[in-house]
Structures are given as structure tokens and as C-alpha cells.
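To start, the structure itself, in C-alpha cells.
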Amino acid sequence: MTLVGRATKVRRTVFDGRLGSERSLPGDRGVSACCHPPKDALGGATNPSVSLPATSPTGAGPTVIFFPAGIDNHDVENVVQNGSTLVADAEEDRCRQVSGDKVGGWFRHFGERFLLEDVEDSPRKGDPTVSLAKSLACLTDEPLSTENQNAKSPSELKRLIEVRIKKMVKARYLNEKFYDLMDVVIANAETLRDCYDLVRLNSHVELTTQTDNLCFSTMAKQITNGDFDVKENSVTMYEKSDQRQCLVLPNLKLRVIQEAVRVVLEVVYRPHFSKISHGCRSGRGHRSALRYVQREIHNSDWWFTISMRKVADINVLSKLISVMEEKIQDVKLFQFIYQLFDAQVLNLVFGVFPKGHGLPQEGVLSPILTNIYLGMFDSEVIRMSLRYEGLGLGSNEEKGLEQPKLRWWFRSQIKKSGDSSKEKVEATEGNKLNVCRYMDEILVFVSGSRDVAMSLKSDILNFLMSSLHLDVENQMDPLAVDVNSHVLQFLGTSIQVRTREAEALRAVHKLKDKVQMFVSQKQKVWDSLTVRIGKKWLGWGLRRIKESEIKQLGLSTPILDHLSQFRKPGMKTDHWFKALMKIWMQDVNAKVEADEEAILSKYIVEPALPQDLRESFYNFRKHAMDYVSSESATTLELLKSSLNETRSEQYSNKKVIALEAPTSCIKSSLLSYGIVGLQGYPKHVSSLVLQDDDLIICWFSGLIQRWLKWYSEFENFGYIKLLIIQCVRKSCTRTLGAKYQVPEELIEKNYDSELSCIPITDEVEAEMASKPCGISYSFDNNEALSYGTCNSGLCLLSLSRVKAPSRVFNCFVMGCTAASPSMYTLHVKGRQRFPGWKTGFSSSIHPSLNRRRIGLCNRHVKALYLGQISLQSIEFGVLRKLST
């Protein structure tokens, strides 16, 4: 590649028609610089004594060509004839790509070659110097070619597309406002084509595949003339049991336009977002919010969360438009937003369901509009912190933190002057406000007295309700930030303050965990053996009843004869035996037990076992649990004597923020999705039995990958590993076994390579490195480029119909034109109350989508299971459109 840059002054090095020696700057090996004569030489004859090769100079790096500032762009393109050249204008900060086979003609035409070192180091007096960095800066603006598309990742392609749109948006900036964005940027065929590519990239579709039949020029004209009908390009989904609850979703055309509006608004507003806001921003996503909480909460005294619940109405939308008018002057853009609101396809909701989980009811414009609207709250928080903190430094001095010099100087000057404001300064000493906002979830932590925390909470609620017209629910009182006091729910995780344990104490706790695990394993063995004996007892009892009915055997007993009197005429033996068991269960009052296996173990087998065997096992369990539940005084004394007392106290008194996965909710989700039974044992998932083997394995692998991604840094990640090994893997093998009616051992043997993506030991991270081919676990943590995908939960699909020759559908994923071999049914397993817990599953899908049929190709079924796309990428109205 050759870079042609505009330079004002250069020094030529030509000796008797031959090229001078060529050198490279340190660190720029193979980079050379070229230049041509002044503009008047373009139309005239060149120096005949100069002879140059027909091709551009060779070298390992790019060739840099500078041309005078006065030369015309058209003349440059006429002169450059061979070679791949990027023309860069150092004065106007612009660059352009010229034909790849023009560089050689450049050298043949002028026949002069110059040193890059001379360009940088030998400027004439009075002439402005040209920076090499400024000339090379245009390299990043190289247009997107076919070769670049094949070589770049989806995230890089998204960035390049957004950069192109960003240039068009910034060209409309004048007098601190952006003008005519709808007509010039959004209603542009190239912009719509780029946004269609963004939709396809978000849908995990290759850009080289066949595209949909969309006429972008016609769409652009409709937007410009105001003829684009939003309602005709949307579909309404009603809940089957309650027709009042509906969900309006866009089709592909409207989705492309919404994507264009989203990119434009992010270019305008992203630089102005506050540092306390997270979500839908590069570098400020789910993890950054939790890390901010861990870093800032140590020095706080009180904390509380704020939950909002509000579906945007006309008051909220009018307030939002008035805020946007401060930076954008575009009547057509605001009219289009009002049209989306009237058609109920805007889907701007505060609270109700967690944001950023890839749910269909979260509109495409919802993230950016939420951040714009709640940006007013961020600004108010800054004003509150200035008002409450004042210039006080008491809290920082006590805690040994570094003091801001400017604040220290102001405070000292006020105290020396004896101003009346000195009392106000002293009154605010020690107060500090920190806020972390992820979309519409807000966590507030305050340093100071309880009265200060209550006053801050009251001011925040008043601003949200009066100024922003939002409803606030679950108004919890500020809680003290104490060790092991309260567990706070934020972003689907539990947050608790703890003290950091010493190494020796941590070793004791680790030993206790191992003892507890050993006891649980023995308990499982005991339960499985007693259940096995109980099932044999049931079989023996049923056989005795059947044998007693055969008179020739003469095995009837007085008890069986007496019981047979209560048998109804025509009742079969199996039915009669179940009736006897039901009467017996009522007699022993076994309704409190979870299932039949527990009844067999507790009421039949254990009482029949030898007494010494039962007592020995019960004593073992009792002593082990006593050791697990409490630490002995001897162990504590040994720890105190073995450690340095002062250092141990300083170390143990340090507060740490413990982030934990919601294990109880995870176990409930495993039960509702059919991975485990009522007793907690793994079982086969009946909805997956009819699907292909690789899709079944991908479903379980997707759940594991989400847990590894979300919980790998959490305190209770060890328990998550146990769930992976003991529940998820066994459920996967039992699902495959139920499909082929073979035992688990045969599945483990025959599917050894396929199941390698599901760990079998505690070394989860090491085992996941050796995953099978065809399964990719690439997650993009940049929420600005993959919002809704990186935090999307696993959904459950069941096979509804296999491919029928009479009706052939394409894949329902937006931008995908591949044929759909099968039809699937989406199952909604329940909805959590906002803000909800992150369990690895999609727990807040809109009820109108329950049991909706969707057509998916195998590629996108895998992508949906593995978390590479979310439900937002599926066009749910395709089936209704085809049926009409």
C-alpha cells in the first residue's frame, strides 16, 4: 500500500538524473517518501534525464507520497496510475483511496524520489512543518474493501461501518448543533445499506451471503417524503390468555431504519454521557459497573437501590424530545420518533424487565433513549454531590486517602478568612455520594450520617418523580454497609460486604468445605442404595400379589385374602397395587415428602435396616455437620498464635465486596427448565429429545459458557462448577440416552469427543480450552457493539415440525436467507420481577411470545443456544405474513 500525502515543502534529492540514496527512519523500516514537482509541471514535460522503474518502490512497508498543497485533487488522480495508493491531505485532514494500479505511472511521470527523513527534518524557515503522524493518521480511515471484510472480525466490521456514518453525522455539526440528520444521513441509501449490514452482523450472518430484496433508494425516498408507514412495517403479538397484553415488533425494513437512527444518536450523545452511567457503551458495561461498585463501596457507610416502573407516556416522550432539541435540530427525526411511539413500536420502558438481556420487548432504540433521558439524572447527581460534599475532607483524612489539592486549598482559604461559609463547610465534612447506574438500575452509596443518606434518598426520589415523571417502587431504606449484614441485589447478582480472611483461616474453611462435600457424597450413596432396595421391595410385593391370584400355586395368605375383599370388581392387579400403596402413604402421613423415592427410603428401607448400621451412619453425619457448622476454640487459638497479631488484625479488618451468583434462583431455573427433578437429581430435558445431537449438546454448552463468562470472578464460582459437573453434564447425557433409549455409560463412550465441551472434572477452565470443532464460544464484551447479546440468557425451543416439501420457509433471523429445515416452538418458563436475577436463562420473555413458532436454520439455532445472537434478531411476524 502507498500513502500519498500533501506536503508544503520538501527537499528533492536527484543527482544527474539518477535517484539519490534511500534511507528509512528508525522504527519505520521499509517506509519511503515520494514527491512530484510543483503544479505547473503537471501539464508540461517531465525531466527526460530521469528514468524510473515502471512500478512503485519495493519494500516491506508502505510507500508514502507527498504532493504539494496547491495541487488539484483531479490532477492527482490523473497522475497516479499504478499501485495501491491512499491519498492523504495533511492540511485538510482527509484521505481517499485511488486505483490500485496507478502508483507506477506516478513514478514514470515525475521520476523523482525523496527521503522521508528530509521531509520531516529539513523544513525551510518560515514554512510550516508537516507531521508524519498527521499524514499517517488517515491510514485508519481506509475504506472497507472486500479483502478487509474477509480478514476482519464482526466487531471490527461494525466499527468501520459506524465510522463511515460518524463522518456524515459530524459533517452536519454547526453552531453546537446537528442539523438535518434525517434527510442527509438517515435517508441515505448508503447509510441504510450499512445499517442493513449491521443488522446482519448482529444476527451472525456473513456479509458475503445472499441478501434480502430491499431497495434502499426507495426506502430513502419514502423517509425523505414522509411516506414511510411505521404501522405497516410492524407486527402486533397478543398474549393468548390475555388479549390486553400485546407486543409490537418491527419488521426488517423498520429495523434497518431504527438501526440508522440508533447509530446517529450514539454519535451525537455518546461523548456526553456521564461516568456513572453504564450499559450500551464501549468499556462501560455489566462488568465495569460491578467493578466500579467494588472499588467505591469500601469507604461508604450507607447504600440503597432505586427501582423504577414506568412505560413511557406522552409526558416522558415530550421531555425526552425537549432534551434532544438542545443538540439536534431536525423536525423530521422527532416526527419519526413520535410515529414509533404512536405505533407502540418504540418500546421505551423503565423497569418492568431487566435491560441488556436481548429480550424482544426491549426496542432497538430503547438503550440509547434511556441513557439520553436518564442523563438528566446523572447531571442532577453531580449537582447533589457538590451540594452535599461541599469542600469537606474529613472522611478522606480519617481513611488515609489522598487529598485533592484544589479542594484542600479552597478549604484552607475559607477557614483562614473566617467567612460565614466556614460553618457550611464543616457541616458537610465527611459526606460523599457515589452512584452507579446501569440503564434503569440505580445503586447509591453514601458516606456520612444516616440523616444525610435519608436526605439524599428523598432528593433523588423527588427528582425522578417530579422532574422525570417516573414511578418509583420498592423504596428501601438506606442500609448500613456492615460486614455480613445485608445482601443487596444489583444487576442480577448479590452483593455483600465481608472481611478478607487470612490465609490460615481460609485454609481451615477450605478444609470444612471438603468435609461438607465428602458428607454430601456419602449421603447421596446412602440415598441411592436405600432407594434401590425400596424399588426391589415394590417389585417383590407386586409379584406376591400376582402369584397369590394363581390358585394352583397355593401362595395366598390370610392377609392377602382379607385385602382382596376390598378390591373392586374388574380392577387390574397393577391398579390394585397402586391403590394399596396410596392407602398406605395416607396412613403413614407421607404427604410432606417430595417424591416416591424419598418415601421408600425413609418409611420402608431405613426402618428395616440393622440398627447398628443406621446409628453408625447417623452419628457420622451428625459429627461431620457439627464440625462444618462451627469452628472449635482450639483452631482459633492456633491461628492467633501462628500469625502476627497486629498484621492479622489489620488484614482481617479490611472490607471486601463479595459478588455471588444467585444459586437459589439458579437451582429453581434448573428445575423449571427440566434439567433437575424435585429432589435435585439431574434428568433428561424432554423438549430437546427430538432435536439433533449437536443442537442438544450446544444447548447445554451454551448454559455452561454463560456461567463461565458471568460468574468466573465470583466468590461462589466453586458451587457453579459443581452444578456444571453434577447436573448439567449428567442431564445432557441422559437427554441423549432418552433419545436413543440407551444407558448413560454407552452415551459417554460413543459421544466422548462431542461431550468434551462439557466439563467432567473441577478443572473447568482447562477442559473448556479443548472444545470440539464447529462450536465457537466467542463473546464480545463491548456492549456498544453487541448490546443485548453478551448478556442474553438461554431459551428453550422444542421441535414443532420437520421440513415439509409443500411449505418451505426461510430462516426467521433478520438478514438470513438460508432455508429453514425445521420449525421450532418457543417456551416461556416464567417471568422474574424487576430487576431480576441472572441465572443463565431468559427469565423475562414477554408472555405474548409463549409457544410462538419460528423457523430457524441449524446455524442460527446453534447461535441462539450459544449466545451469539439473541431473540431480538428474530422476526416473529414472518409466519403471520406468509399465512396471509
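Residues: numbered from 1 along the sequence shown.
- Every residue meeting the side chain to side chain donor-acceptor pair (under 3.5 Å) condition with Ser455, not counting sequence neighbours, appears here in chain and number order: Tyr388.
- Of the N and O atoms on the side chains of Ser792 and His357, not one donor lies less than 3.5 Å from an acceptor on the other residue.
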Would you mind writing out the side-chain donor-acceptor pairs for residues 253-261 within the sub-3.5 Å range, not counting sequence neighbours?
unit_1 : atom_1 : unit_2 : atom_2 : d
Arg255 : NH1    : Gln872 : O      : 2.9
Glu259 : OE2    : Arg262 : NE     : 3.1
Glu259 : OE2    : Arg262 : NH2    : 2.5

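- Between the side chains of Gln868 and His204, at least one donor N or O lies within less than 3.5 Å of an accepting N or O.
- Between the side chains of Arg281 and Ser277, a donor-acceptor pair is found at a separation under 3.5 Å.
- Of all heavy-atom pairs spanning Val349 and Gly351, the tightest one is CG1-O, 3.8 Å.
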Going through the distances and angles, do Phe841 and Tyr673 end up as a ring-ring contact (aromatic ring centres under 6.0 Å, His included)? CA-CA 9 Å; Phe841 298 94; Tyr673 277 81; 4.3 Å; yes
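- The ring of Phe490 has its center no closer than 6.0 angstrom to the ring center of Tyr438.
- Lys166 has no carboxylate O lying under 4.0 Å from a charged side-chain N of Glu162, or vice versa, which leaves the two without a salt bridge.
- Put simply, the side chain of Thr789 never gets that close to the backbone of Ile869: no donor and acceptor are under 3.5 Å apart.
- Under a cut-off of 6.0 angstrom, the local environment of NZ in Lys177 is crowded, with over 12 non-hydrogen atoms contributed by other residues, nucleotides or ligands.
- Applying side-chain contact (heavy atoms from CB on, under 4.5 Å) to Asn188 and the options Val185, Val184, Ile186, Thr191 leaves one that passes, Thr191.
- The environment of Tyr173 atom OH is dense: over 12 non-hydrogen atoms of other residues, nucleotides or ligands sit within 6.0 angstrom.
- With hydrogens and angles ignored, the 3.5 Å screen pairs no side-chain donor or acceptor of Lys327 with any backbone N or O of Tyr269.
- Checking Arg437 against Asn371 by side-chain atom types alone, a donor-acceptor pair falls below 3.5 Å.
- A 4.5 Å side-chain heavy-atom check between Leu491 and Lys838 finds every atom pair outside the cut-off.
- More than 12 non-hydrogen atoms from other residues, nucleotides or ligands lie less than 6.0 angstrom from CZ of Arg450.
- Ring pair Tyr711/Phe714: centre-to-centre distance below 6.0 Å.
- Looking at heavy atoms from C-beta onward, Val481 lies out of side-chain contact with Asp301 at the 4.5 angstrom threshold.
- The ring-ring contact (aromatic ring centres under 6.0 Å, His included) search around Phe463 returns none, not counting sequence neighbours.
- The shortest side-chain heavy-atom distance between Ser366 and Phe350 does not fall under the 4.5 Å cut-off.
- Distance alone, capped at 3.5 Å, is enough to place a donor-acceptor pair between the Trp302 side chain and the Gly448 backbone.
- Legend: residues meeting salt bridge (charged side-chain N to carboxylate O under 4.0 Å, His left out) with Glu441, ordered by chain and number and at least two apart, are absent.
- In terms of heavy atoms, Leu797 sits closest to His827 at C-CD2, 4.3 Å.
- Under the salt bridge (charged side-chain N to carboxylate O under 4.0 Å, His left out) criterion, Lys355 pairs with Asp440, not counting sequence neighbours.
- At distances below 3.5 Å, at least one donor-acceptor pair connects side-chain atoms of Lys709 with backbone N or O atoms of Cys790.
- Not one N or O on the side chain of Asn251 forms a donor-acceptor pair closer than 3.5 Å with the backbone of Ser234.
- A donor-acceptor distance shorter than 3.5 angstrom exists from the side chain of Ser385 to the backbone of Ile382, with no hydrogens or angles considered.
- Looking only at side-chain heavy atoms (C-beta outward), Ile314 and Tyr338 come within less than 4.5 Å of each other.
- Checked against Asp197 for a side-chain contact (heavy atoms from CB on, under 4.5 Å), the options Val205, Leu192, Leu157, Ile161 give a single hit: Ile161.
- For Asn850, there are no side chain to side chain donor-acceptor pair (under 3.5 Å) partners at least two apart in sequence or on another chain.
- Under the 3.5 Å distance criterion, the side-chain polar atoms of Arg172 are matched with a main-chain donor or acceptor of Tyr179.
- Under the 6.0 Å cut-off for aromatic ring centres, Tyr196 and Phe216 qualify, their centroids lying closer than that.
- Gln294 contributes no side-chain N or O that, together with a main-chain N or O of Ala289, makes up a donor-acceptor pair within less than 3.5 Å.
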